[in-house]
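Everything below concerns the one structure shown next.
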Amino acid sequence: MNITIISGTNREGSTTLRVAAHVTSLYAAQEGVNASLLDLRDLPADLLSPTAYANKPAALQPLVDQVLASDGLVVVTPEYNGSYPGALKLFIDMLPFPQAFERRPVCYIGLAAGYWGGIRPVEQLQQVFGYRNAHQYCERVFFPAVHKTVGEDGAPEPGLAADLLTSQVRGFVEFIGNTKA
Ligand SMILES: Cc1cc2nc3c(=O)[nH]c(=O)nc-3n(C[C@H](O)[C@H](O)[C@H](O)COP(=O)(O)O)c2cc1C
């Protein structure tokens, strides 16, 4: 089973990337599945070119291949201005339609500096992935006040969010197995 963990921002020094790296290691350590990180800093800069929709930059292809080879996607998104980052939407818009998401299992982790822990970006993503007929795993995880509750290694401090993450990782692997059956 191949699971791809998408770090939902390309911001240098991002906390999301650290959390996504931790989640990637959890899938391998806890569930023994192949898990790989997709880092949006790898998006080619010319993806913003007006011609990029028709003529995709070659450097996008490895990221496309990684998504298409995934049995499941974990989207780790920060909250930017009450939503998810524009870089993530651009990536979604540049992936092949419909095969990138059609019936592909997806689950979500939200994080934010604020009190609500990224529930807004996650719920907005659920609308997008719902539109794209993804198989959405309903157990979501949120990290509020992320600068205080997540360590340098991207792991949440012991407590509810850490327990929910353990549960989500286990449950999502089971969900993927069930949707394939
Ligand atoms: C452009 C930008 C907009 C942000 N908007 C919000 C916001 O609306 N609500 C919030 O709680 N945190 C907001 N934050 C804080 C991030 O959620 C917080 O920094 C968290 O670490 C995740 O972002 P990061 O992966 O870029 O570090 C914003 C951060 C940036 C860079």
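Order of appearance sets the numbers: ligands from 1, and atoms from 1 within every ligand. What you see below is based on every heavy atom in this structure, not just the backbone, and it leaves out hydrogens, waters and symmetry mates.
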Would you say atom 24 (P) of ligand 1 makes contact with the protein, given that contact here means a non-hydrogen protein atom less than 4.0 Å away?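 So far as the 4.0 Å threshold goes, atom 24 (P) of ligand 1 is in reach of a protein heavy atom.
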
Please list the nearest protein heavy atom to [atom] with its residue and the distance rounded to 0.1 Å.
| atom | value |
| --- | --- |
| atom 20 (C) of ligand 1 | V146 CG1, 3.6 Å |
| atom 14 (N) of ligand 1 | E79 O, 3.2 Å |
| atom 5 (N) of ligand 1 | N81 N, 2.8 Å |
| atom 2 (C) of ligand 1 | Y80 CD1, 3.6 Å |
| atom 15 (C) of ligand 1 | A113 CB, 3.8 Å |

Test item: [X] and [Y] side chains (from C-beta on) under 4.5 Å apart, heavy atoms:
| X | Y | value |
| --- | --- | --- |
| S7 | L40 | no |
| L165 | P156 | yes |
| V173 | I3 | yes |
| L111 | P78 | yes |
| N10 | F91 | no |
| M94 | Y53 | yes |

With atoms numbered from 1 as shown, which atoms in ligand 1 lie under 4.0 angstrom from a non-hydrogen atom of [X]?
| X | value |
| --- | --- |
| T9 | 25 (O) |
| R11 | 24 (P), 26 (O), 27 (O), 31 (C) |
| S14 | 24 (P), 25 (O), 27 (O) |
| G114 | 10 (C), 11 (O) |

Give me the ring orientation class for Y137 and F172: parallel if the planes are under 30° apart, tilted from 30 to 60°, perpendicular past 60°.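 Correct class here is tilted.
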
Contact summary for G177 and M1, nearest pair of heavy atoms: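 Reported closest heavy-atom pair: N-CE, 4.2 Å.
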
Polar-atom distance check: G82 versus ligand 1, any N or O pair below 3.5 Å?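 Min N/O separation from ligand 1 is below 3.5 Å for G82.
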
